[in-house]
Undergrad: 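I have a structure here, written as structure tokens, and I will follow up with some questions on it.
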Amino acid sequence: MKMIPVLICALISLSLADNDLDTLYPELEHSRTIYVTENGPRLSVVAEQSKVLSRRGGNATLPCKIQRDQSLAPNRKMRIKWTKLTSDYLKEVDVFVAMDYHKRSYGSFHGRVHLQGSFPMDASLVITEITLEDYGRYKCEVIDGLEDGTAVVSLNLEGVVFPYFPRLGRYNLNFYDAERACRDQDAIVASFDQLYEAWRDKLDWCNAGWLSDGTVQYPITTPREPCGGKNTVPGVRNYGLRDKDKNHYDVFCFTSHYKGRFYYLIHPSKLTYDEAVSACQKDGAQIAKVGQMFAAWKLLGYDRCDAGWLADGSVRYPISRPRRRCSPTEAAVRFSGFPDKKHKLYGVYCFKGHN
């Protein structure tokens, strides 16, 4: 019973104190915010470059530097983990893990990745013998007891984007068919970033195609009625995400440098498709793929005005120096269609790989 008068006195004192403050400081608001300052993170992870450029078959170092408070006790169990982010950011693929003397690489990266380790706090990842599939964003994560930090680095590849549709005709590929179609042409499905860079490099294509994130888009540099309207602005047109099983479109593929020789086979006569395949084999090579022609044209400046068979049954020829009768208005890989494979009207392009 003695507590009640004490509580009442305390409440009255607080009320009087508040009234005194209001009288002395009328400009103060009744609601007050109290800020509590804590020490900053004792460990951080920094990538000095957000993007690294390489090529297929080359090497790359993805930067990752650990900044650690010197007050932290040494920790032999500090864990460094590299993962690759999928194009839709829905999951991460394990690449490499290191803790003290224990190190492990995963999947297709096995035997091709290691830490640079040029100084004690260097967690940079070295990737060798780069493949097309290595393109993308990587996360460096460091865990040191209760402290952790992350950084993200993009690995970009020198290469070329090209639109593709199969012999069946336009808009016949669901997403998974599109992935196979690009692989068959020595390529992968292009990302939006790769298509955007190709558009900036003047790629203009009116047919919608799959991209690696499951969206369907197409690049327009010259607006016109059949391609979104004549009065629209140039840009990459976006159909958004589509059902990967049910919807059918073309595809934009991406390829990079190759190890080998792409060439037009000098032959005394024109060839059917089967004769073209045999002619390359007799020359110790394989009939070339569409991606190999685009890579030779874009990255090596290959120029040949002879139409020739390619592995998918199409007939094409690469022109890097426009001239009369040979793509007079622009540098391009010219497409002559998918003719009857029994027609004896064309030469052949071959590819001889170098191990």
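Bear in mind the structure is a predicted one, so any value in this text is a computation, not a measurement. Sequence positions, counted from 1, serve as the residue numbers for this chain.
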Undergrad: At their closest point, which heavy atom of Asp122 faces which heavy atom of Ser118, and how far apart are they?
TA: OD2-OG, 2.8 Å
Undergrad: What about Leu299 and Phe262, same hydrophobic cluster or not, with Ile/Leu/Val/Met/Phe/Trp/Tyr joined at side-chain heavy-atom distances under 4.5 Å?
TA: no
Undergrad: Check for a donor-acceptor pair, side chain of Asp94 on one end and backbone N or O of Thr83 on the other, with a separation under 3.5 Å.
TA: no
Undergrad: Walk me through it: do Val161 and Leu203 pass the test side-chain contact (heavy atoms from CB on, under 4.5 Å)?
TA: CA-CA 9 Å; Val161 171; Leu203 177 62; 4.2 Å; yes
Undergrad: Return the set of residues passing side-chain contact (heavy atoms from CB on, under 4.5 Å) with Ile266 (not counting sequence neighbours), or none when no residue passes.
TA: Tyr264, Arg304
Undergrad: Run the side-chain contact (heavy atoms from CB on, under 4.5 Å) test on Ile127 and His114 for me, step by step, so that the C-alpha distance in whole Å, both residues' side-chain angles and the decisive distance to 0.1 Å come before the verdict.
TA: CA-CA 7 Å; Ile127 307 178; His114 63 271; over 6 Å; no
Undergrad: Taking Asp148 first and then Arg42, would you say they form a salt bridge - that is, a charged N and a carboxylate O separated by under 4.0 Å?
TA: no
Undergrad: Go through Val95 and Leu125 one step at a time and tell me if the side-chain contact (heavy atoms from CB on, under 4.5 Å) criterion holds.
TA: CA-CA 10 Å; Val95 175; Leu125 185 74; 3.9 Å; yes
Undergrad: Ignoring hydrogens and angles, tell me if any N or O in the side chain of Ser278 forms a donor-acceptor pair with the backbone of Glu275 under 3.5 Å.
TA: no
Undergrad: Assign the ring pair Trp297 / Phe294 to parallel, tilted or perpendicular, where the plane angle (0 to 90°) is split at 30° and 60°.
TA: perpendicular
Undergrad: Could you check whether any side-chain heavy atom of Pro234 comes within less than 4.5 Å of a side-chain heavy atom of Pro223, counting everything from C-beta outward?
TA: yes
Undergrad: Can you give me the closest heavy-atom contact between Arg323 and Arg321, atom names plus distance?
TA: NH1-O, 2.6 Å
Undergrad: Among Leu146, Asp144, Ile143, whose side chain to side chain contact (heavy atoms under 4.5 Å, CB included) with Leu43 holds?
TA: Asp144
Undergrad: For residues Tyr135 and Tyr138, establish whether the separation of their ring centroids is below 6.0 Å.
TA: no
Undergrad: If you compare all heavy atoms of Ala123 against all heavy atoms of Trp82, which two are closest, and at what distance to 0.1 Å?
TA: O-NE1, 2.9 Å
Undergrad: Looking at Glu92 and Lys84, is any side-chain nitrogen of the basic one under 4.0 Å from a carboxylate oxygen of the acidic one?
TA: no
Undergrad: From Tyr273 OH over to Phe338 CZ, what is the distance, rounded to the nearest 0.5 angstrom?
TA: 10.5 Å
Undergrad: Give a yes or no on whether the ring-centroid distance for Phe96 and Phe109 is below 6.0 angstrom.
TA: no
Undergrad: Is it true that a side-chain atom of His267 and a backbone atom of Ser269 form a donor plus acceptor pair closer than 3.5 Å?
TA: yes
Undergrad: Hey, what do you get for CZ (Phe175) to OG1 (Thr215), rounding to the nearest 0.5 Å?
TA: 9.0 Å
Undergrad: Let me know which of Phe335, Trp309, Tyr346 forms a side chain to side chain contact (heavy atoms under 4.5 Å, CB included) with Arg316.
TA: Phe335
Undergrad: Are a donor atom and an acceptor atom from the side chains of Thr272 and Asp274 found within less than 3.5 Å of each other?
TA: no
Undergrad: Please confirm whether the backbone N or O of Gln194 pairs with a side-chain atom of Glu197, one donor and one acceptor, at under 3.5 Å?
TA: no
Undergrad: Sub-3.5 Å donor-acceptor pair from the side chain of Thr150 to the main-chain atoms of Cys140, do we have one?
TA: no
Undergrad: Are Met99 and Tyr106 connected into the same hydrophobic cluster when the rule is that any two of I, L, V, M, F, W, Y join if their side-chain heavy atoms are below 4.5 Å apart?
TA: no
Undergrad: Going by side-chain contact (heavy atoms from CB on, under 4.5 Å), name the residues that satisfy it together with Asn172, two or more places apart in sequence or in a different chain.
TA: Leu168
Undergrad: Rounded at 0.5 Å granularity, tell me how far CG in Leu53 sits from CD in Gln49.
TA: 10.0 Å
Undergrad: If you measure from the Lys or Arg side-chain nitrogens to the Asp or Glu carboxylate oxygens, is any gap between Glu129 and Lys259 under 4.0 Å?
TA: yes
Undergrad: Do Trp210 and Tyr249 have ring centres separated by under 6.0 Å?
TA: yes
Undergrad: With the threshold set at 4.0 Å, does a side-chain nitrogen-carboxylate oxygen contact exist between Glu225 and Lys230?
TA: no
Undergrad: Given 3.5 Å as the limit, does a donor-acceptor pair link the side chain of Thr86 with the main chain of Lys91, or not?
TA: yes
Undergrad: Please find the pair of heavy atoms, one from Leu155 and one from Asp134, that lie closest to each other, and give the distance.
TA: CD2-O, 3.6 Å
Undergrad: Mark yes or no for whether His248, through its side chain, and Lys246, through its backbone, hold a donor-acceptor pair below 3.5 Å.
TA: yes
Undergrad: Test side-chain hydrogen bond (donor to acceptor under 3.5 Å, both in side chains) on Tyr263 and Asp283; report intermediate values, then the result.
TA: CA-CA 11 Å; Tyr263 62 101; Asp283 202 48; 2.5 Å; yes
Undergrad: Would you check if the side chain of Lys298 reaches a backbone N or O of Ser256 as a donor-acceptor pair within less than 3.5 Å?
TA: no
Undergrad: Can you see which heavy atom on Val290 is nearest to which on Gln185, and at what distance?
TA: N-OE1, 3.0 Å
Undergrad: Is there a side-chain contact between Val52 and Val153, using heavy atoms and a 4.5 Å cut-off?
TA: yes
Undergrad: Counting only N and O atoms by type, is there a donor-acceptor contact under 3.5 Å from the side chain of Ser124 to the main-chain atoms of Cys64?
TA: yes
Undergrad: Look at atom NZ of Lys202 and say whether more than 12 heavy atoms of other residues, nucleotides or ligands are closer to it than 6.0 Å.
TA: no
Undergrad: Between Tyr258 and Leu300, is the side-chain contact (heavy atoms from CB on, under 4.5 Å) condition met? List the steps.
TA: CA-CA 11 Å; Tyr258 50 72; Leu300 301 176; 3.4 Å; yes
Undergrad: Salt bridge or not between Asp204 and Arg224? Use side-chain N to carboxylate O under 4.0 Å.
TA: yes
Undergrad: As an exercise, state the distance from CZ of Arg137 to CG of Leu62, rounded to the nearest 0.5 Å.
TA: 13.0 Å
Undergrad: Counting only heavy atoms not in Arg200, do more than 12 sit closer than 6.0 Å to its CZ atom?
TA: no
Undergrad: Can you tell me how far the CD1 atom of Ile319 sits from the CZ atom of Arg334, to the nearest 0.5 Å?
TA: 8.5 Å
Undergrad: Out of curiosity, Arg112 CZ to Ser105 OG, how far, rounded to the nearest 0.5 Å?
TA: 9.5 Å
Undergrad: Taking NZ in Lys51 as the centre, count heavy atoms belonging to other residues, nucleotides or ligands within less than 6.0 Å. Is the count above 12?
TA: no
Undergrad: How about Arg104: does its CZ atom have over 12 heavy atoms from other parts shown lying under 6.0 Å from it?
TA: no
Undergrad: Taking the ring centre of each residue, are Tyr317 and Tyr349 less than 6.0 Å apart?
TA: no
Undergrad: Let me check something: do Leu173 and Tyr176 share a hydrophobic cluster, defined by ILVMFWY side-chain heavy atoms less than 4.5 Å apart, either directly or through other members?
TA: yes
Undergrad: So that I can tick it off, tell me whether Asp177 and Lys244 are bridged by a salt bridge, with the cut-off set at under 4.0 angstrom between side-chain N and carboxylate O.
TA: no
Undergrad: Go through the side-chain N and O atoms of Ser44 and Arg68 and say whether any donor and acceptor fall under 3.5 Å apart.
TA: no
Undergrad: Determine whether Lys289 and Leu310 make a side-chain contact, defined as any pair of heavy atoms from C-beta on separated by less than 4.5 Å.
TA: no
Undergrad: Minimum heavy-atom separation for Met293 and Val333, please, with both atom names.
TA: SD-CG1, 3.7 Å
Undergrad: Tell me which one of Asp312, Asp250, Asp184 satisfies side chain to side chain donor-acceptor pair (under 3.5 Å) with Tyr164.
TA: Asp312
Undergrad: Check the hydrophobic clustering (I, L, V, M, F, W, Y; side-chain heavy atoms under 4.5 Å; chains of links allowed) and say if Tyr196 and Phe254 are grouped together.
TA: yes
Undergrad: I'd like to know whether CD of Glu330 has more than 12 heavy-atom contacts from other residues, nucleotides or ligands below 6.0 angstrom.
TA: yes
